[in-house]
Amino acid sequence: MADGASSARKLRLRLATDESCVFINAVSEYARDRFTRELEGPIRAILESRTRVVYPAVRATGQECPKPLTGAGSLNLIFVGNAFFRKGGEALLQLMEQLGDELDLRLTVVSTLTYPDYATPWVEKDYRDDVASRLSGHPRIEWIAGTSHSSVMRKMRTSHMTVLPSLADTFGYSLAEGAVSGAMVVGSNVQALPEIIGARGRTIDIPLNAMKEWVGVRGQARSYREVVAQLAEGLGRVALEAREDPVLFNADRKRISERSRRMFSEDRDAVLRDIYRGAGIMVPAGVVEA
């Protein structure tokens, strides 16, 4: 529901006054803050007291940092997201076209290139088809229109970096999956992405509005082209930094993996168990791992 919509206000009022509402699970700190930001007085206090942040469960599938980056060999990147344009995929394409050979980069793109999208409503078939041609024709890019989740996770475990330079993203699940898989996480500063990236990941700042979305969301193609160029430049800096100091890069990956496995597994499960028990409710089987 859109911010400020009457339906959103009615839902918040119902959740605050209905005693059968025991707790509200916000998927991120960003989601919690956005949920309560328009409220005032007793209603806000009640909803804040009932709302807890419980991150999605993202389970690791293998050992930490399975493929360290060295001075020799390719730097492998992966991008996952059907909303290719909103999630900043074109910035990665520009990166590959500009620096792919120089920095020996390899990119896997898992995306259907869905269009149009609320953040980029002007994208039409001709534009989408041109981008598709550039992706499929680039010798350093593997473009997969669709595959299984298990296949994506295997791809992530052979990647050094999971990249999501998004313009608007309520959570950024693929970034969390990359983090627990042992990849360096690289993303923009929009919405909940900084929570996933943390201090050891790499954040590329773009101008944001009050909702922590890119200021040009739903705007014109010119603004989109400008921010894509800005993101591509930031991605280039990250790739160059990885090449210049692979030891630091690998150390940060290890810290990211350790933090993310706690954040999306052990710590997350403990918070959820405490919520159920604090509310006097038996923890349902399958809600958390034993």
Side-chain angles (χ1 to χ4, degrees), residues 1-58 81 83 86-87 117-121 164 166-176 179 187-199 201 203 205-219 259-260 262-289:
M1 293 175 288
D3 293 283
S6 60
S7 56
R9 291 193 295 271
K10 289 177 181 177
L11 173 62
R12 288 166 169 81
L13 179 61
R14 174 66 181 271
L15 292 174
T17 56
D18 190 338
E19 292 303 319
S20 68
C21 175
V22 179
F23 67 85
I24 300 165
N25 175 18
V27 74
S28 65
E29 293 179 7
Y30 165 77
R32 177 198 61 203
D33 295 344
R34 188 160 182 170
F35 180 66
T36 59
R37 70 189 300 273
E38 295 180 337
L39 304 174
E40 296 179 353
I43 297 298
R44 178 167 187 160
I46 293 170
L47 287 183
E48 285 182 336
S49 70
R50 293 181 177 180
T51 304
R52 297 282 299 275
V53 175
V54 183
Y55 290 108
V58 184
R86 171 170 59 84
K87 291 178 179 287
D117 185 271
Y118 71 88
T120 54
L164 195 69
S166 194
L167 306 178
D169 219 302
T170 52
F171 187 71
Y173 203 87
S174 66
L175 208 59
S188 64
N189 57 330
V190 305
Q191 295 172 272
L193 265 59
E195 296 176 51
I196 303 170
I197 295 168
T203 304
D205 290 343
I206 58 176
L208 306 180
N209 61 22
M211 302 299 180
K212 295 187 178 180
E213 298 169 322
W214 165 54
V215 293
V217 70
R218 303 175 184 86
R259 170 185 179 267
S260 299
R262 293 192 304 271
M263 180 176 178
F264 299 114
S265 187
E266 293 95 343
D267 292 352
R268 174 259 180 199
D269 290 351
V271 170
L272 191 54
R273 283 194 297 268
D274 288 347
I275 289 173
Y276 275 100
R277 290 167 178 165
I281 301 172
M282 181 180 295
V283 181
V287 169
V288 298
E289 291 191 345

Output yes when a side-chain donor or acceptor of [X] lies under 3.5 Å from a complementary backbone atom of [Y], and no otherwise.
X	Y	answer
E29	V53	no
R86	V217	no
T203	N189	no
R277	V283	no
Y55	S265	no

L167 side chain reached by V190 side chain, heavy atoms, under 4.5 Å
no
Return the [atom1] to [atom2] distance between [X] and [Y], rounded to the nearest 0.5 Å.
X	Y	atom1	atom2	value
W214	L208	CH2	CG	11.5 Å
D18	I46	CG	CD1	11.5 Å
E48	F35	CD	CZ	10.0 Å
R52	I24	CZ	CD1	12.5 Å

Taking all non-hydrogen atoms of both residues, which atom of [X] and which atom of [Y] are closest, and how far apart?
X	Y	value
S188	I206	CB-CD1, 4.4 Å
A168	Y118	CB-OH, 3.4 Å
L193	S166	CD2-CB, 4.1 Å
D169	K87	OD2-NZ, 2.8 Å
R12	I43	O-CG2, 4.5 Å
A16	L47	N-CD2, 3.7 Å

Between the side chains of R9 and E40, is the shortest nitrogen-to-carboxylate-oxygen separation below 4.0 Å, so that they form an ion pair?
no
Quick one: do E195 and F171 satisfy side chain to side chain contact (heavy atoms under 4.5 Å, CB included)? Show the steps, please.
CA-CA 9 Å; E195 296 176 51; F171 187 71; 5.9 Å; no
Do F23 and Y276 have their ring centres less than 6.0 Å from each other?
yes
Passes side chain to side chain contact (heavy atoms under 4.5 Å, CB included), K212 versus R34? Steps please.
CA-CA 10 Å; K212 295 187 178 180; R34 188 160 182 170; over 6 Å; no
Using the rule given for salt bridge (charged side-chain N to carboxylate O under 4.0 Å, His left out), can you reason through E19 versus R50, listing the C-alpha separation, both sets of side-chain angles and the distance that settles it, and then say yes or no?
CA-CA 11 Å; E19 292 303 319; R50 293 181 177 180; 3.7 Å; yes
Does the side chain to side chain contact (heavy atoms under 4.5 Å, CB included) test come out yes or no for E213 and Q191, once each step is laid out?
CA-CA 6 Å; E213 298 169 322; Q191 295 172 272; 3.7 Å; yes
